[in-house]
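Being a predicted model, the structure only gives us computed values, none of them experimental. Letters A, B, ... are given to chains in the order of the sequence lines, protein chains preceding strands, and every chain is numbered from 1.
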Amino acid sequence: MAQVEKKAGLLRKSSASKKPLKEKVVLMYEEIFVREDPAKNNPRFWEELFLMKVNLEYLEGKLESLDGDELMKVKDNINSLFQHCIQALGEEHQIKVVNALQTLCALFRGVHQKNKSTSGFDIINMLMGFDKAELRMKDLMESLDTLLCGDGSESLKSLCLKLLLCLVTVTDNISQNTILEYVMINSIFEAILQILSSSSSRRQHGYDTVVLLALLSVNPYIVKLSIVDDETTLNGKGLVISQALSEYNRQYKDKEEENQGGFFSTLTTMVGSMFIADAEEKISVQTNEAILLALYEAVHLNRNFITVLAQSHPEIDLVTTPSAPVPTTPTAPLGTAPPSVDVMSSTELPLDPNLQTSNLLITFLKYSSIVMQDTKDEHRLNSAKLCLIILTCIAEDQYANAFLHDDNMNFRVNLHRMPMRHRKKGADKNIPSRPLVCAVLDLMVEFIVTHMMKEFPMDLYIRCVQVVHKLICYQKKCRVRLHYTWRELWSALINLVKFLMSNETVLLTKYNIFHLALLVINLFNMFITYGDTFLPTPSSYDELYYEIVRMHQVFDNLYCMVLRLSTNAGQWKEAASKVTLALVNIRAIINHFNPKIESYAAVNHISQLSEEQVLEVVRSNYDTLTLKLQDGLDQYERYSEQPKEAAFFKELVRSISLNVRKNVSLNTLSQDVLLKEFSSIS
Amino acid sequence: MGDSDAEPTPGEASQPQGSPPLDVISEGVGELGLVIDPEVAKRACQEVLEKVRQIHGGVSEEEEPELVNGDTDNTGPPPEISEEEVALAGPRNTVKSARRRQKNNSAKQSWLLRLFESKLFDISMAISYLYNSKEPGVQAYIGNRLFSFRHDEVDSYLPQLLNMYIHMDEDVGDAIKPYVVYRCRQSINFSLQCAWLLGAFSSDMHISTQRHSRGTKLRKVILSDELKPAQRRRELLPPVGPGAEHSLSPSKRTHQRSKSDATASTSLSSNLKRTASNPKVENQDESSVSQELTSSTDRLDNIGSSPVRLAPQREFIQSLMGIGKRLATLPTKEQKTQRLVSELSLLNHKLPARVWLPTAGFDHHVVRVPHTQAVVLNSKDKAPYLIYVEVDLCGGSGVWRLRHHPRAESQQLHQCSVRGLVCGDTGAAASPFSHPSPLPNLRLSSRPSPRGLVSPLGLLLSPSPAGPSLPLSFSPPSLRPSLHSLPSPSLTTLFSPLSFSTLPSPSSPFFPSSPSSLTLPSPPSSLHSLPSPHSPPSPLFSPLSPFSTLPSLSPSLSSSPSLPPSPPLSLSPLSLLHSPPYLSPFSPFSPSLHSLPSPHSPPSPLSLLSTLSLLHTPLPHLSPFSPFSPSLHSLPSPHSPPSPLSLLSLSPLPLLTTLLPLSLLHTPLLTLSLLSSLSLLPSLTSPFSPLSPSPSLHSLPPSLSSTLSPSPLPHHSPPSPPLSPLSPFPSLSHPLSSSLLPEIHTNSCDNISQFSVDSITSQESKEPVFIAAGDIRRRLSEQLAHTPNTFKRDPEDPSAVALKEPWQEKVGRIREGSPYGHIPNWRLLSVIVKCGDDLRQELLAFQVLKQLLSIWEQERVPLWIKPYKILVISSDSGMIEPVVNAVSIHQVKKQSQLSLLDYFLQEHGNYTTEAFLTAQRNFVQSCAGYCLVCYLLQVKDRHNGNILLDSEGHIIHIDFGFILSSSPRNLGFETSAFKLTSEFVDVMGGVDGDVSDCVCVQVMGGVDGDVSDCVCVQVMGVLDGDVMGGVDGDVFDCVQVMGVLDGDVSDCVCAGLILCCKHMEKDKDLEIMQQGSHLPCFHGSSTVRNLKERFHMNLPEEQLQVLVEQMVDGSMRSITTKLYDGFQYLTNGIM
């Protein structure tokens, strides 16, 4: 809304000031919207047109204002405008190219906005005519390709990307975009990738490129995307994503510190931050959804990208910085290194001792920890979901797991932890340096602990527990003994069950809570039956029992409930009975140790046993306990986008597309400044 | 004596004298030598001739000018040495003056000549004469003689040679230079070594003199790469591509992948590039990018003159040094380590380049730096670090063949496929799918899980082992969307391990119902018609392309049966398993089998798939699946339109997916290949667990066990009893998984035993399986107890864990995780990069140690020392070859919290065990060796951080930063002769123990009184040259006596010392090195004299023994040693 107003305002302003004499370009546009061929009277009409500064507002507005039939009448002129735009792209005179690109933007958007109801063919017909469409689009794509790949001006490239973004996002639903088919036929994929692989162009256009790729990959571009194996390109992509995410993290942190800096009470800060954050962060979350989608696609589709996740980057621009600060050996006859020209690399101080080495995964984890905090609004919920999906993909990938669990790759990951009443913030300064998987587990535990609320994000919880499960499956398979404080996870899971129990009635109306309960119980079963393969110490196994026995009430309650529901022939019969079966071992443990502990207390006349004493009882009574081996504990359903998540992604792409369209239009306007600069140069 | 006067007649003398240089020509120099050698030879001959004449006296005077002229004519610098080389005037003058002197002692000269000609004249003598002789003729002669020594022999004296070149007078330099130049032309490695050493040794000179020093000049010449061979020979030189491609822009990149070795292949591929349908893909290709890059940098930086031949290696070393420098600025170990890892991962991007580790003794090039393995070593203010590098040995079918040859090939094929001409050859047919740039493929295959899937395909297809088929690991690109877009809910279950457990029977017996059905030919015709992924785009592109690459399945499937049964992947073993009783259920389905695509019909890939699944559907156990059979019949088969595309577009895939689970079990191999072609799908690939024997695989009814013969391909030799029914599976999967799967931490045997526990679970037998909780916990503690030998990770000492890990294990682990691990010539090397440390002293120490070792070996004294290679790169940086399997005693004590003796007991077993005794003996021998070294060289700074202990019990002293006259801060600690703490003695058996007793007894008894006499004679003998042999025997005998009785320190020390005396002359090196050197160890003027004294040349044997005993005793009780250890503990925390 605001945008429309702004635009209108702009229009009014310009038209108001120039009411008496119209811009020449507007006059020329008007000529186009007459049925006659504008070149008839003025053979140099088209040449002149592209020398003129584009008036996007007018052109777009005009196209919008005409209805379908009216537009049909000037079809020939529009066709030739389109054709001449494409011709102008090949011009040497850069001003013409710039104008042509912008005119094309306006054309695409104007025609589309008008013809929302009409079919795609009409649009194609309107713009270029059925018979010529293929040829025209081929020419267009080839021109764009040349522009993107050439060593022309960066702003030109940027405009090309904007045009492409325009093209991709003209329709709400990308699959309805008929013009896009031509984009697919005349692939400019390689040109786009090339931008990512060179550091200078990546710096300027990286974001647009990544967004464009993210949007494009809902169609056969994924094929190409999935087989990209050029490391520089993939790294480039990773860097762009990483920068976008870390920029968000930084902004968030700044804001947070800002809020903490004042001596408002916690309450006001919270309230305040909610407002400020909502106002400003919504935008950033939205823009970042595109980046998240790009990350998702990269992780999900391209196996080669997984390595990029772990690629640490003290120097973000791997091509430019490395040798620059190193003086060559005194006698080396090699030329002296020229000072690095890039602005961006100066922000990455390679020698800053306080700068933690980071990688995309760490950045992503931090980002997730922020995004996952608040899942109340739709966008953030989606973002959190996407984060969890990405984590799922990562947790399923062998290679990703390998470096997650790599003992040699230790990092301190400062996850964002939600300020809560019962715990202090900022205790994260002394996080030990651990394998990255610990951070993932921490994040999951954090999520489990912090989202037990009325608006229960069931879907997220399930994904969360599944991520943990997948990680443990890997550990079991590969015998990784992670030195992790599993106890935190156990108690978080038990609390989750407890929450499910206490809110049974509310939750049951909305969700199948037994699915989640089963997942949780099976996680425990993993620990119980396969603990020997991945637990770090024998005592951690004891602790597991201790925790179960200590919290036996929760399990007892759960058992009562599922037993009740599985005996009734209700809706939940089957789901509940599964949980009943899964509880076998936990119940065995409880029933085995509880009497032992009680008798121990009785014999020794102790009313309250200490933890050490309980552990002692546990340790000495293992041998009389028999457990049942359960099937398929270490197996899981692999993530697949189709068909389960298809709707989610469709909607996500749609919203991103909308968002991008909005932003592109603004950006195109701002290109005017750039254009001025251009005209002065040329 | 008498004969010698008569002997040197001109004719006779010239013959043998001429021969050594001539030998050189034939000796492996090859065509390359052609430029230099004739001249060298001529020159050598003439000089010798000249000498002979001088010896004969009268003749020389008249002929002199002529000779000199001849000298200038022929011995001038080879034409292509462009810099002002040997100053020609110099020799002439000096030769004259030398003549005069020579006349006076012509008698001595003849002796000298005889020595030079004798076989015994070795490189060390040559060096020593070069150093001592003031006669230019002698020097020139020796300069020529250098050519006749083996390269490696001379190499070990390279520091001396170069130091003399820099610091001694011109004659010596002129004598040395031709040899150096010659070798530089021959070898890049040598060039670099020279350049580095020259730089390092010149650095002590005053800055103004340094600039004009000949060493600096020569270094410049070398580095400017003017010394490249006139004729390039690829075999000898690491071949480099066209200059432009290789010239680096140091400002932008530290170094790049060297794109190509074979120029031909590059040009070939670039030719192909131009015609490629999709030029931009090719543009992504490294080489063209680099061409662009370099051409642009050429424009910008005008570095066209940048040395091309040496550049990659220099850049590599420089970037390693750069890392070290940057690391030093970081405050904590943790940051350093993280930083190191990330820096190295960046370095990896530019590998493999044509670079190598100069410390290794063989030709190789670095293919990858496993960056996560690198560790920062303990150092207070510097940041030395240890890296491991994966290398490919040169000269075999290495990565180069993989990388370059297949590239060209695949591009050709790529072209073919574009034109729709896919060859019928399976391997070739598959390769079009490889990406034009093969390197990323390699990288790709480093991804653990999918790799396991991918590579079997490669193995299946390739007639030769993994190597050439590697490009195959890149599977059809467009498969993913096809599946992606398919509405197949079963897709996930298809590949999920669950699907295995739901299958009630082991399928392998059923696998090939008839061998004929397996011999499905790959029909070239059908492939012809397939549009390749790169086919010209058309509006139809989008719907079609996803499927267009499916044909790759067909080659993979069809090729598999044609494989010989020998490789583990062949299918025949499986078909052997087929048992008749189970065939009967097939009969009702025979029609469907008949309808299978016969060789005559054009079988589409998909119908192949369906065939396979058809084959397996009709299993009796699979009755629930029978509803599918009608649909199977309706599957597009030969009767349907032959276009495979239309077949595919009929979308039998969803159906297929439901079927596949069956075939998965049945045909692990075929499904493997199937999967591998599908493996592009990230979601599909990784968890594919038939490779890693999943428990569910083992949950098969035991009743079948009888029908299954044990696998003919036992990978783990005896399959454990509970596994026998399943053996085909593990055995089949293991060859794959062991080499290709990244189950890094998984010990497969271990796994099996584990699964024998797990496997009790079964869907079929519904009876619950019970396990005791106690067992689980017991296993947990047992398994943890099994690995006591590893150190705990300590952020403050990251290297401890890395160094403790047994080398072989590390190699295996890294190899498994490496994308290059499959290369037959793959090796792992390690190197310590030191920055900010002067390694020249270390180099000196290394030379001395090597010499000592060779002396001891020659005399068979069981003293053990471990000289480790040093590479001096500049006066403050260098590289060290790490001692593998060794950790410092400090780390041992800190980590284990045990005394040394207890640690020995823990590591090697109890006192009486063989292992312990061996370790103890090793300890004693190495201890003795190093005691001697420490004494002779006065090695200081002997804290426990500088003493390593290897896994066999040897101790190894490292860090010779303080030797001879220097000590840390000259505090006056460590006054004892060497470090021998009571702890050490405890390990040897204690003061009262056997070994210690031996010390005294053996010293007394073992040594004959006349050894030292012998030694003296021997020393003289070296000078004379011909007495040597006889005396040698004596010494040897004596030493033998000692050796037999040995086992103790002082004995060995004594014997070693004696021998050192004997060979003391060799220690001239030290003296040479002292020349012009500012090394701290040569600080005092009396350093060398003191050193000589320490050899106690003129001490009778008895006294020597006493002395040694005194030293042993004194060192053992030394208070200063304790003090110094205490000091180190307090200041540096070294235990």
Side-chain angles (χ1 to χ4, degrees), chain A residues 184-185 190-191 220 222-223 226-227 229-231 300-301 303-304 306 311-312 314 318-319 322-323 326 328-329 331 333-335 337-338 351 353 357 396-399 402 406-409 433 478-480 531-532 535 538 541 622-623 625-629 631-632 635 637-640 642-643, chain B residues 199 223-224 250-251 254 280-281 284 301 303 306 322 329-331 334 338-339 342 345-346 349 372-373 435 440 444 447-450 477-478 480-481 484 491-492 496-498 537 541-542 680 682-683 686-687 742-743 745-746 760-761 768-774 776-777 779-781 795 874:
Chain A
M184 286 160 213
I185 298 165
E190 287 76 21
I222 8 180
V223 183
S226 62
I227 56 164
D229 59 358
D230 178 74
E231 270 176 281
H300 178 53
L301 296 175
R303 313 191 290 148
N304 306 311
I306 295 283
Q311 207 69 261
S312 24
L318 59 116
V319 190
S323 67
V326 196
T328 43
T329 46
T331 34
L334 303 165
L351 283 181
T357 315
E396 281 178 8
D397 186 277
Q398 280 273 358
Y399 183 77
D406 191 333
D407 231 8
N408 280 324
M409 293 177 68
S433 192
C478 294
R479 305 294 176 100
V480 182
D532 56 333
L535 281 176
Y541 195 67
Y622 275 124
D623 281 326
L625 173 67
T626 322
L627 300 169
K628 184 175 175 288
L629 200 58
D631 281 332
Q635 284 151 4
E637 195 182 327
R638 290 192 61 83
Y639 169 79
S640 71
Q642 305 283 351
Chain B
L223 289 183
S224 68
S251 54
T254 44
K280 254 162 262 136
V281 174
Q284 300 296 319
D301 309 345
I303 53 154
S306 145
T329 61
L330 296 173
E334 189 189 305
Q338 279 181 5
R339 184 58 189 272
S342 55
S345 75
L346 291 181
H349 285 300
T372 58
Q373 304 303 319
H435 194 267
L444 204 140
R447 297 273 321 288
S449 79
S478 49
R480 187 194 187 263
H484 196 68
L491 207 61
T492 45
S496 92
L498 263 168
F541 178 73
S542 47
L680 204 65
S683 60
S686 27
E743 312 235 308
H745 308 278
T746 323
I760 325 164
T761 139
V769 179
F770 294 105
I771 39 172
I776 297 174
R777 193 180 183 281
R779 271 206 301 272
L780 175 57
S781 37
S874 70

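- Between the CD1 atom in B:Ile776 and the CG atom in A:Leu535 there is a gap of 10.0 Å [rounded to 0.5 Å].
- Summarising the geometry of A:Leu627 relative to B:Ala773, their closest heavy-atom pair is CD1-CB, 3.8 Å, with the distance given to 0.1 Å.
- Expressed to the nearest 0.5 Å, how far CZ of B:Arg777 lies from OH of A:Tyr622 amounts to 5.5 Å.
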